[in-house]
Amino acid sequence: MKLTRRIFLSSSMATAALAAVPIAPDVSHAQGMINITARPSRKRLYRFDSPPSDLWTYNGSAPGPEIRVKQGERVTVRFANELEEPTSIHWHGIRIENAMDGVAGLTQDAVKPGGTFEYDFVAPDAGTYWYHAHNKSWNQVARGLYGALIVLENDPAFDDEHDLTLVIDDWRLDRSGKLDVASLGSLMDWSHGGRLGNWLTVNGLNRPSFALKTGETYRLRLINASNARILEVDPNRFGAKVIAYDGQPLQRPEILNYSPLLIGPAQRVDLQVTPSGEGVVPLEEISGDRPFPLANLQIVAGSGKKAEPRILRSNDIPDPDLTSAMRVRLDMTGGAMGTMGEIVYQGKKLERSDYSKTGQVWAFNGIANLAAEPFFRCAQGETVIVETVNRTAFVHAMHVHGHHFRIIERSGSSVKEDGPWRDTFLVGPDQTTTIAFVADNPGKWLLHCHMLEHAAAGMNTWFDVV
Ligand code: C2O
Ligand code: CU
């Protein structure tokens, strides 16, 4: 699963290191109404003297405002669309009420240009989530329509100062350092590994610095907002432990005994770190030939009083009952260099010449994109086991809407029974990954690859909980 990357804009050419300012994200604490407007904005992504890019943003920034709400609290978002194309917002990883899931074409109509929509939901689980456009996501997310959604425990284990969010994005810049808009929608990307970029930012910035006090314990919430890039990091390089995946806490902080840690598109990892000494510790993305510096952890003198971290309380997710489960199988085919097989799209079998016309080159069980009938239908409360067989030449990041699951098997070997809850899993070429969850959330839910080009090009289906 080695990834190659060609960063032609070398990071050393970047803006001379920004001063070590702690990043104070534009935080919207919910309480009453949050206003979010999608609109075009010009932002500089590369050097201070490079031309600005034409982005699409929430409230003028990419990422959009960080939304912080309390667990169980009601969130009301008044959303306005000032873009020239329809859009919607999906609240990724929230076990949300179906009508608020924000999937244009399945749970709501896309919000037209000039239109508004009111999202109103309760976030049942504390943890690290995010929100992003869910209409033509391959285009809209690539242009900057995403932000962090943090659900705080009622009695947070880390105060605001010790709770940092790092939204990481992989942008494709052109030679001038602007967002490469011309290559959006390239069939080459759609049929291969998706839109991979050449420039990584954290909270929209090149290599920002986070000031951490020595001896104090911090929570770093890493969110991968990339269209298709699987990020690779090594928490051991800076003494960090994993405390949560995809929003859901582990029973105890875990020291990884392997490297790298893969963070697929849409996945989140929460780390806990207690820095010692003083100086600058780089946080690096290590999938390339040379590490790419994401951020600097600037370790400064502490107050001396040790913040005693507490164990995160787990959320109340029902455990799957494997003995009485409904079992379904999902065959992934298509793409470059893979098993092509037959592809049915909108009820019609595609000929080879249709691939470029429709852009449909991947299929789940022979069907590209959403069909009238769901992949499966189940009763509310039923345990579902989905065996995902990847017969393609690429790795995929599969996301289940409205539910968290456990991985119960990977290519024939069973895994820890109480493995972490996730909402997105990676499945490598010729690998099989089997997940289980209790379908306790009624409605129509997507199951798709979160490599957004793959989803657009066919890797997208739905299931019905009735
Ligand atoms: Cu991040 Cu269909 O979603
Ligand atoms: Cu994929």
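Counting starts at 1 for both ligands and their atoms, following the listed order. Counting begins at 1 with the first residue of the sequence. Only this structure's heavy atoms are used, side chains among them; waters, hydrogens and symmetry mates stay out. Fair warning: this is a prediction, and the values are worked out from it, not measured in the lab.
Donor-acceptor pairing under 3.5 Å is lacking for the side chains of Q346 and N369. For the residue pair S259 / D234, a side-chain donor-acceptor distance below 3.5 Å is found, with atom types taken as modelled.
Residue H450 does not count as close to the Cu ion (ligand 2), with no N, O or S atom under 2.8 Å. Look at H448 and atom 2 (Cu) of ligand 1: an N/O/S atom of the residue is under 2.8 Å from the metal. Here H92 reaches atom 1 (Cu) of ligand 1: one of its N/O/S atoms is less than 2.8 Å from the metal. Residue contact annotation: H132 places an N/O/S atom under 2.8 Å from atom 1 (Cu) of ligand 1. At a cut-off of 2.8 Å, H450 does not coordinate atom 2 (Cu) of ligand 1 through any N, O or S atom. In summary, no N, O or S atom of H399 is located under 2.8 Å from atom 1 (Cu) of ligand 1.
Proximity of a side-chain donor or acceptor of N203 to a complementary backbone N or O of A62 within less than 3.5 Å is not detected.
For H454, the N/O/S atom at the shortest distance from the Cu ion (ligand 2) is named ND1.
Between ND1 of H396 and SG of C449, the angle at the Cu ion (ligand 2) works out to 130°, rounded to 10 degrees.
No cation-pi contact links R172 to W199, judged by a cut-off of 6.0 Å to the six-membered ring centre and 45° from its axis.
Checking T165, D246, D270 one by one against T128, the side chain to side chain donor-acceptor pair (under 3.5 Å) holds for a single residue, D270.
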For this session: Output, in order, the C-alpha distance, side-chain angles, deciding distance and verdict of side chain to side chain contact (heavy atoms under 4.5 Å, CB included) for N154 and K70.
Result: CA-CA 6 Å; N154 284 312; K70 280 231 173 87; 3.8 Å; yes
